[in-house]
Structures are given as structure tokens and as C-alpha cells.
Amino acid sequence: MSNNIVIAIDGYSSCGKSTLAKALAKKLHFIYIDSGAMYRAVTLYFLRNNIDLKDHEQITDALKNIHLNFHSRDYQTHITLNDEEVSEEIRQMPVSDNVSDVAALREVRHEMVKQQQRMGRSKNIVMDGRDIGTTVFPEATLKIFMTADPKIRAERRYKELHEKNPDITLEEVFENIAHRDYQDTTRAESPLVRAPDAIILDNTNMTPDQQLQFALDKVNTNK
Ligand code: DC
């Protein structure tokens, strides 16, 4: 039995999971791991190399050529794909539009889960994603399942994206979120589902500070 602490934060797209996970990791001096960034980096590689998502052999071969690494600076996610910093590019629409198809592939999930479990084996971590409390770390010390009104989520995401991409519309962002919710909850492999022992955090009307306090209270009552 390992003695390290794992905090699993799962939930819908653009719910503020990473904001909470980063703040919590910082406060507790844990390592923060953004599992979605890993699926995004794989998607970027697949797009650049025109990988056919129906060709399982191509997918397996491609995965062997993908090397991902996290570099944590100030609790911001810096991810490299074969030594190239891709943290910005993985947030752009081409990746966002394709990532749920890639994340639904059995071969991709199998490889990512293996890497994620390795990262959490001996360190105290906060990891956010969709299947962290169910598949990656079913024995996690604390599990939080985040949700919020889809309209509010779209508005928050639009504000972020609009700064870098003024052409983007709120409708586009809303549709992307709705599509990803559908894909994430209905896929055959590890669909997004609340672990029975996960605590629900609906942050529709909560500030980031209130969410952090909520999570810290749960950490303290879990001790
Ligand atoms: O959290 P995010 O929006 O960056 O995640 C990108 C995509 O990856 C999203 O469509 C769901 C998927 N994902 C997943 O299937 N499992 C995870 N543990 C994390 C993300």
C-alpha cells in the first residue's frame, strides 16, 4: 500500500476543474497533473500526422512515437510533445474540436491511464480529468465531481478564448461544450460518470475562492 495522497477531480468540460485543481495543489504543495492536456497533445499529434482514427494499427504505432512530459512552473501546465512545448496549441479550436473523438479510442485511453497511474504512484498529486476517480485512481483519497450550468460554462470559456481569438462566437463555444459533454458521457470506454463516493461540487454560483475553501474543508474532514 502506498501512503501518498491522490485527489481526483472529475467533471464536465469547462467547469473550472483545472482552476480548482491548481489552487488546491498550490495550497497543499502537491503536484498538479492535467490529464486532459495529455489527450489534447495526442490529438495534436494525430492531426499533424493525419492519423486515421479507424485504423487501429496506425493508432498503436503513432502512440509509440508520442512522448509527453509535464514541466510544472508556478502550477501552470507546460506540456511537451516529443520535446516541443505545445501548451498553447493544444487549447486552440482544431484540437478542441477533435479531442473527444481521440479520447474515445481504447488504445489511447489505455496508454494515457498507464502513464497517469505511474505519475501518481509515489507522490502526492491533484489530477483532474473525466475518469480519474473511476478508472485511473479508484482508491483516491478524495474525489470531487464538478458540474455547472452549461450556459455559464460556455460564457466563462468564451471570455478566455475570445481574448486570443476575437473571431470566435459564443454559439460556437456552447456547441463545442455540448458536443464534448455528449461524447464524454456516452462513449463506450470509461465514460464520464460520477464515482459513487465522489463529492459533487456545482459551481454555477460560486467564486474560485469559495470552491477552494469547499475542497479544503473536504480534505480536512478526510484526514
Ligand atoms: O479537460 P479538457 O477539456 O482539457 O479535456 C480534453 C478532452 O479530453 C475532453 O474531450 C475529455 C477528454 N478527457 C478524457 O477523456 N479523460 C480525461 N481523464 C481527461 C480528458
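We count ligands from 1, going down the list as the structure has it; atoms in each ligand are counted the same way.
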Colleague: Can you see whether T207 engages D209 through a side-chain donor-acceptor pair at a distance of less than 3.5 angstrom?
Modeller: no
Colleague: Check each of R156, E160, R180 against S14 using the side-chain contact (heavy atoms from CB on, under 4.5 Å) test, and report the only one that passes.
Modeller: R180
Colleague: Can you produce the list of protein nitrogen or oxygen atoms under 3.5 Å from a nitrogen or oxygen of ligand 1, alongside each distance?
Modeller:
residue  : atom   : partner : partner atom : Å
ligand 1 : 1 (O)  : R130    : NH1          : 2.9
ligand 1 : 1 (O)  : R130    : NH2          : 3.4
ligand 1 : 3 (O)  : R40     : NH2          : 3.3
ligand 1 : 3 (O)  : R130    : NH2          : 3.2
ligand 1 : 3 (O)  : R180    : NH1          : 2.7
ligand 1 : 4 (O)  : R40     : NE           : 2.7
ligand 1 : 10 (O) : D184    : OD1          : 3.4
ligand 1 : 15 (O) : R109    : NH1          : 2.8
ligand 1 : 15 (O) : R109    : NH2          : 3.3
ligand 1 : 15 (O) : R187    : NH1          : 2.8
ligand 1 : 15 (O) : R187    : NH2          : 3.1
ligand 1 : 16 (N) : R109    : NH2          : 3.0
ligand 1 : 18 (N) : S35     : OG           : 3.0
ligand 1 : 18 (N) : R130    : N            : 3.2
ligand 1 : 18 (N) : D131    : OD1          : 2.9

Colleague: Checking side chain to side chain contact (heavy atoms under 4.5 Å, CB included) for the pair I79/F70: CA distance, chi angles, key distance, verdict?
Modeller: CA-CA 5 Å; I79 187 167; F70 279 104; 3.9 Å; yes
Colleague: To check you understand the geometry: which heavy-atom pair defines the closest contact between Q58 and D52, and what is its length?
Modeller: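 Q58 and D52 have their closest heavy atoms at OE1-N, 2.9 Å.
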Colleague: Would you find a donor on one side and an acceptor on the other, under 3.5 Å apart, between the side chain of N49 and the backbone of I51?
Modeller: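 Not at all, since once roles are kept as given, no pair shorter than 3.5 Å links the two residues.
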Colleague: Identify the residue among R48, R40, K164 that makes a salt bridge (Lys or Arg N to Asp or Glu O under 4.0 Å) with E89.
Modeller: R48
